[in-house]
Amino acid sequence: MSFRNDSISIRVEDMRSQPTWPALKHSLGVSISGCLMGITVAFSASALADMEDDYYLDKPKPSQAQWITATPALVALIWGLIYGRFIKFIGKRDTLLVASICYFIGYTIIAYSTLYLHVFIGRAITGFGLSMTSIALSPYISELSPTQHRGKFVSIMQLQVQLGILIINVLGVSPIEFRWNASISSGVALINLFFIILSPETPMWLVSRSRPDEAERVLEGLMEDDPMLISEQLQMLHRSRRDVPQDEDSSLVPFFSRQNLKPLILMCFIMIFQQCTAVNAVLADSNRIFTEIGLPHPRICSAVMSAAFLLFTCGSAALTDKAGRKLLLVVFGFMLTCSLLLFAVSTEVPERLHVAILTIALGSYVFSFSMAWGSIPWVLCGEVFTTENQGRAVSMVTAVNWSFNFITVFSWPALNTICSSSTIFYGYSGLMFAGTIFVTVFLPETRGLTFYQIADLFSPDGPPRYVSVVHRLPPASETSQQGSNFFANAGAF
């Protein structure tokens with residue numbers, strides 16, 4: 001496959017294979033932050049049930065239950081908009097470190113709570129961690145990953161999210177109450193903190209902050225001391241850094257240029273449609289939802305559903321770099337539409353058909369979401385933005401995601417009081433269908449492309465001046481004449 005733009009011609013097949021294990025090792029350790037994301041999203045489902053019989057707390061009022069569920073999403077939304085401009089100064093690795101500390105403090109407060117105020121404060125602090133993890137984790141893994149495995153590596157984030165959801169739901173089935181669940185979550189945060197301390201900052205960020213010696217040391221570890229690969233990466237990163245206009249950070253004009261707006265608007269809509277699957281509402285309030293739609297043993301159902309999410313997300317990680325991002329989103333988007341329709345239909349059929357249709361709908365829903373719409377939006381989020389604007393862009397996209405997360409989670413109980421479950425599922429099914437059509441029409445395929453090529457897809461006037469490039473082509477001596485033309489024109493970055 002080749003990619004052309006004026007005098008530039010790149011053959012993806014000619015890309016040199018990058019070492020896999022060093023980047024995978026760091027991705028696995030740091031992605032425990034994703035596990036804490038999953039714990040935070042699903043924590044309220046079993047905790048609210050425990051609070052009804054708690055010695056210190058009265059039975060939660062409906063409004064209290066809504067706010068306990070939705071507070072992390074609201075805080076993540078607000079803090080994400082504020083923090084996005086600062087991540088380029090702090091770095092992605094240190095952002096994840098601070099997020100882990102927030103998780104630890106928040107869950108420790110919940111573990112020792114005796115008032116609902118303590119629970120609200122703890123949930124709010126975990127919301128700060130949720131926001132920073134959402135902004136930093138996907139780009140961090142993406143910048144460390146070899147191009148040919150980028151989709152798989154970033155999918156580790158969603159695997160960890162599903163693992164966190166599974167952990168909290170299994171704990172919900174056990175006889176221990178929510179304070180012990182919070183204590184275990186604090187322990188996971190400490191483990192995450194340990195692995196983040198052992199992980200490096202990305203070379204791209206280090207070069208952008210004029211720390212080339214540190215960037216070279218990190219590259220030595222990532223490239224397994226291959227001097228040719230290390231030299232390529234450093235030269236490209238230094239060249240990219242030189243060509244960044246000095247006034248870009250002080251103006252919003254470059255950020256809102258056509259090249260940046262195209263991927264920004266695209267990703268905002270994809271994140272909106274991800275929330276139109278209603279998955280976070282289902283996860284956050286799964287016990288009550290399963291009770292209302294007639295499934296026995298709702299806590300066990302939640303744990304089984306979480307295990308299925310985790311299992312099928314493994315399939316998504318395996319397929320993302322083979323089948324492509326767009327194809328998976330389209331195919332499983334249509335399947336999600338049908339699954340939500342079946343949920344709606346199941347509430348209107350005779351009792352003897354209810355459980356059968358509901359079981360099919362639930363299985364199809366879990367499979368479809370896990371295979372595409374759970375992980376791929378975050379894969380794309382780490383791919384489509386140029387480095388100088390990545391912090392602000394990802395924070396805006398994350399804010400949109402958490403805005404609609406908050407809306408779906410907070411509105412779910414209210415909608416159930418004014419309309420039937422079938423009406424709600426019909427509505428979400430229609431929105432999911434619209435999202436699938438949107439992806440079909442507007443999303444370009446990014447599978448197998450370098451960051452340079454992806455940025456070129458959104459550039460109206462040829463290649464951009466500066467893009468996120470860590471894994472590059474081989475030296476000119478090892479490639480075709482087209483590859484030589486690429487490096488001859490690299491000064492135009």
Side-chain angles (χ1 to χ4, degrees), residues 25-47 50 68-77 79-80 83 87 90-114 118-141 156-172 174 176-201 280 283-284 306 310 378 398 402 405:
K25 175 181 63 177
H26 295 305
S27 298
L28 287 170
V30 172
S31 65
I32 297 175
S33 298
C35 181
L36 288 161
M37 283 182 69
I39 288 172
T40 303
V41 168
F43 184 83
S44 61
S46 60
D50 290 338
I68 289 171
T69 300
T71 293
L74 180 62
V75 173
L77 156 65
W79 183 240
Y83 187 75
I87 189 172
I90 299 172
K92 299 174 182 68
R93 180 255 192 187
D94 288 345
T95 295
L96 293 170
L97 188 146
V98 174
S100 186
I101 294 173
C102 288
Y103 288 125
F104 174 75
I105 295 173
Y107 282 115
T108 300
I109 292 173
I110 295 173
Y112 289 95
S113 62
T114 56
H118 302 158
V119 179
F120 286 126
I121 292 173
R123 291 285 281 168
I125 293 174
T126 60
F128 286 103
L130 203 60
S131 176
M132 290 184 281
T133 303
S134 302
I135 293 171
L137 184 54
S138 174
Y140 178 89
I141 297 175
I156 294 172
M157 170 184 171
Q158 187 64 20
L159 277 171
Q160 291 278 15
V161 170
Q162 298 302 336
L163 178 60
I165 294 169
L166 175 61
I167 289 172
I168 209 67
N169 282 327
V170 169
L171 291 174
S174 69
I176 63 175
E177 49 96 36
F178 76 95
R179 290 185 182 83
W180 280 104
N181 296 352
S183 299
I184 293 170
S185 301
S186 296
V188 174
L190 286 178
I191 295 171
N192 185 41
L193 190 62
F194 171 76
F195 281 107
I196 292 173
I197 291 171
L198 295 179
S199 298
E201 184 54 84
N280 284 307
L283 290 172
S306 302
L310 179 62
W378 296 107
T398 301
W402 289 114
N405 180 312

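Atoms considered below: every heavy atom in the structure, side chains included; atoms not considered: hydrogens, waters and symmetry mates.
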Note: Phe128 and Cys102 closest approach over all heavy atoms is CB-SG, 4.0 Å
Would Trp180 and Leu171 count as a side chain to side chain contact (heavy atoms under 4.5 Å, CB included) here? Give the steps.
CA-CA 9 Å; Trp180 280 104; Leu171 291 174; over 6 Å; no
Side chain proximity check, Ile87 to Ile135, heavy atoms < 4.5 angstrom
yes
Do Thr40 and Thr133 make a side-chain contact, defined as non-hydrogen atoms from C-beta onward lying under 4.5 Å apart?
no
Name all residues meeting the side chain to side chain contact (heavy atoms under 4.5 Å, CB included) criterion together with Ile101; count only those two or more places apart in sequence or in a different chain, and write none if there are none.
Leu97, Ile105, Leu193
Under the ring pair (Phe, Tyr, Trp, His ring centres under 6.0 Å) test, which residues partner Tyr140, sequence neighbours left out?
none
Residues passing the ring pair (Phe, Tyr, Trp, His ring centres under 6.0 Å) test with Tyr107, sequence neighbours excluded, are Phe43
Contact between Leu130 and Val75 at the side-chain level, heavy atoms closer than 4.5 Å - yes or no?
no
Any chance CZ of Phe195 has more than 12 other-residue heavy atoms, nucleotides or ligands included, within less than 6.0 Å?
no
Separation between CG (Leu198) and NE2 (His26), nearest 0.5 Å, reads 9.0 Å
Looking at Ile141, is its backbone amide N or carbonyl O close enough to the side chain of Ser27 to form a donor-acceptor pair, meaning the two atoms are under 3.5 Å apart?
no
So do the side chains of Asp94 and Val98 get within less than 4.5 Å of each other, counting heavy atoms only?
no
Compare every heavy atom of Ser113 with every heavy atom of His118, then report the nearest pair and how far apart it is.
CB-CB, 3.5 Å
For Ser134 and Trp402, the nearest pair of non-hydrogen atoms, with its separation, is OG-NE1, 3.0 Å
Side-chain donor/acceptor of Asn192 to backbone N/O of Ser100, under 3.5 Å
no
Closest non-hydrogen contact found for Val41 with Ser44 is O-OG, 4.4 Å
Quick one: closest heavy-atom pair of Pro72 and Thr126, and the distance?
CG-OG1, 4.2 Å
Distance in Å, Ile156 CD1 paired with Leu137 CG, rounded so as to fall on 0.5 Å steps:
10.0 Å
Residue pair Ala111 / Ser183: nearest heavy atoms and the distance that separates them
CB-OG, 3.4 Å
In the structure I gave you, are the side-chain heavy atoms of Gln162 and Ile165 within less than 4.5 Å of one another anywhere?
yes
Nearest-0.5 Å distance that lies between atom CD in Glu201 and atom CG in Leu96
8.5 Å
State, with a plain yes or no, whether a side-chain heavy atom of Leu36 is found less than 4.5 Å away from one of Gln160.
no
Any donor-acceptor pair under 3.5 Å from Ser31 side chain to Met157 backbone
no
Tell me, with the steps shown, if Ile196 and Ser33 meet side chain to side chain contact (heavy atoms under 4.5 Å, CB included).
CA-CA 9 Å; Ile196 292 173; Ser33 298; 3.9 Å; yes
Is there a side-chain contact between Ile168 and Ser185 in this structure, where contact means two heavy atoms from C-beta onward sitting under 4.5 Å apart?
yes
